[in-house]
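The next block holds one structure in the form of structure tokens; read it before the comments.
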Amino acid sequence: MIEFHFESEFVLEDKTKYSDWITRVVETESFSVGQLDYIFCSDSYLLNINQKYLNHDTFTDIITFDYSNGKTLSGDIFISIERVMDNAGAYKVSMEDELLRVMSHGVLHLIGFGDKTNEEQRLMRKKEEEKIKLFHVER
């Protein structure tokens, strides 16, 4: 089950469309959906989580906590809407595409894709682009 939670003013307009898309993202990698919770929040909310649980004192766009079991993905995916909006402007992409990138990024981490090395980052970006395109395909 995919659930969306809002700790800021932001609200997804069509939750079913996003949920269906995330399911397709997961299934295209031969995984299944367990319990995925997306929590959309502010910079300060996510900074607090970053400090409390990861001992990092920096702003970030996403933090993913993995509770997966084998090929069944479960986790909490926290996304700062403020970072997504800023990054959309910085990268000159639409807010929607940047949101899709970050949402898929969290799931890709749960699947096992990393982003620490240059090689991992290149593969992650390629996968993100591939998954964003799925959003615009009707099932």
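Positions are given from 1, in the same order as the sequence printed here.
- Grouping the Ile, Leu, Val, Met, Phe, Trp and Tyr side chains by contacts below 4.5 angstrom, directly or via other members, places Val107 with Leu12.
- Summarising the local packing, NZ of Lys71 is surrounded by more than 12 heavy atoms from other residues, nucleotides or ligands at distances under 6.0 Å.
- Not counting sequence neighbours, Glu82 has no partner by the salt bridge (charged side-chain N to carboxylate O under 4.0 Å, His left out) test.
- Counting all heavy atoms, side chain and backbone alike, Tyr18 lies closest to Leu100 at CE2-CD2, 3.7 Å.
- Annotation: the span from Met1 atom CE to Leu36 atom CG amounts to 11.0 Å, rounded to 0.5 Å.
- Atoms OG and CZ, on Ser104 and Arg24 in that order, are 12.5 Å from each other to the nearest 0.5 Å.
- Asp86 meets the salt bridge (charged side-chain N to carboxylate O under 4.0 Å, His left out) test with Arg83; sequence neighbours excluded.
- The list of ring-ring contact (aromatic ring centres under 6.0 Å, His included) pairs with a residue in residues 80-107, not counting sequence neighbours, reads His105-His109.
- When hydrophobic residues (I, L, V, M, F, W, Y) are linked wherever their side-chain heavy atoms come within less than 4.5 Å, the members clustered with Tyr67 are Ile39, Tyr45, Leu46, Ile49, Tyr53, Leu54, Ile63, Phe65, Phe78.
- Every residue two or more places apart in sequence or in another chain was checked for a side-chain contact (heavy atoms from CB on, under 4.5 Å) with Asn55, and none qualifies.
- Under the rule for a ring-ring contact (aromatic ring centres under 6.0 Å, His included), the partners of Tyr38 that lie at least two apart in sequence or sit in another chain are Phe4.
- With sequence neighbours left out, the salt bridge (charged side-chain N to carboxylate O under 4.0 Å, His left out) criterion links Glu9 to no other residue.
- At a threshold of 4.5 Å between side-chain heavy atoms, the hydrophobic network of Ile, Leu, Val, Met, Phe, Trp and Tyr places Ile62 and Leu73 in one connected group.
- Under a cut-off of 6.0 angstrom, the local environment of CG in Asp14 is crowded, with over 12 non-hydrogen atoms contributed by other residues, nucleotides or ligands.
- Residues meeting the side-chain contact (heavy atoms from CB on, under 4.5 Å) test with Met95, sequence neighbours left out: Phe10, Ile81, Val84, Met85.
- Here Arg101 pairs with Glu98 in a salt bridge; the nearest charged N to carboxylate O distance falls below 4.0 Å.
- Of the possible donor and acceptor atoms, one in the side chain of Ser68 sits under 3.5 Å from a partner among the backbone N and O of Ser74.
- Residues in residues 111-120 take part in these salt bridge (Lys or Arg N to Asp or Glu O under 4.0 Å) pairs, two or more places apart or across chains: Glu119-Arg122.
- A distance of 11.5 Å separates CG in Leu99 from CG in Asn87, rounded to the nearest 0.5 Å.
- Membership of the apolar cluster around Phe59 extends to Leu47, as traced through chained side-chain contacts below 4.5 Å between ILVMFWY residues.
- Taken from CG in Leu123 to CD in Glu128, the straight-line distance is 10.0 Å, to the nearest 0.5 Å.
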Residue pair Glu13, Glu96: steps toward the side chain to side chain contact (heavy atoms under 4.5 Å, CB included) verdict: CA-CA 11 Å; Glu13 291 301 317; Glu96 180 183 62; over 6 Å; no
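- For Glu29, the side-chain contact (heavy atoms from CB on, under 4.5 Å) partners at least two apart in sequence or on another chain are Phe31, Ile111, Phe113, Lys127, Glu130, Lys131.
- Residue His5 holds its NE2 atom at 12.0 Å from SG of Cys41, rounded to the nearest 0.5 Å.
- Nearest heavy-atom pair across Asp43 and Ser80 is OD1-OG, 2.6 Å.
- Distance CD1/Ile132 to CE/Met103: 11.0 Å, rounded to 0.5 Å.
- Cluster annotation: Ile79 is connected to Val33 through the hydrophobic network of ILVMFWY side chains, with a link wherever side-chain heavy atoms come within less than 4.5 Å.
- In this structure, the side-chain contact (heavy atoms from CB on, under 4.5 Å) partners of Thr58, at least two apart in sequence or on a different chain, are Asn50, His56.
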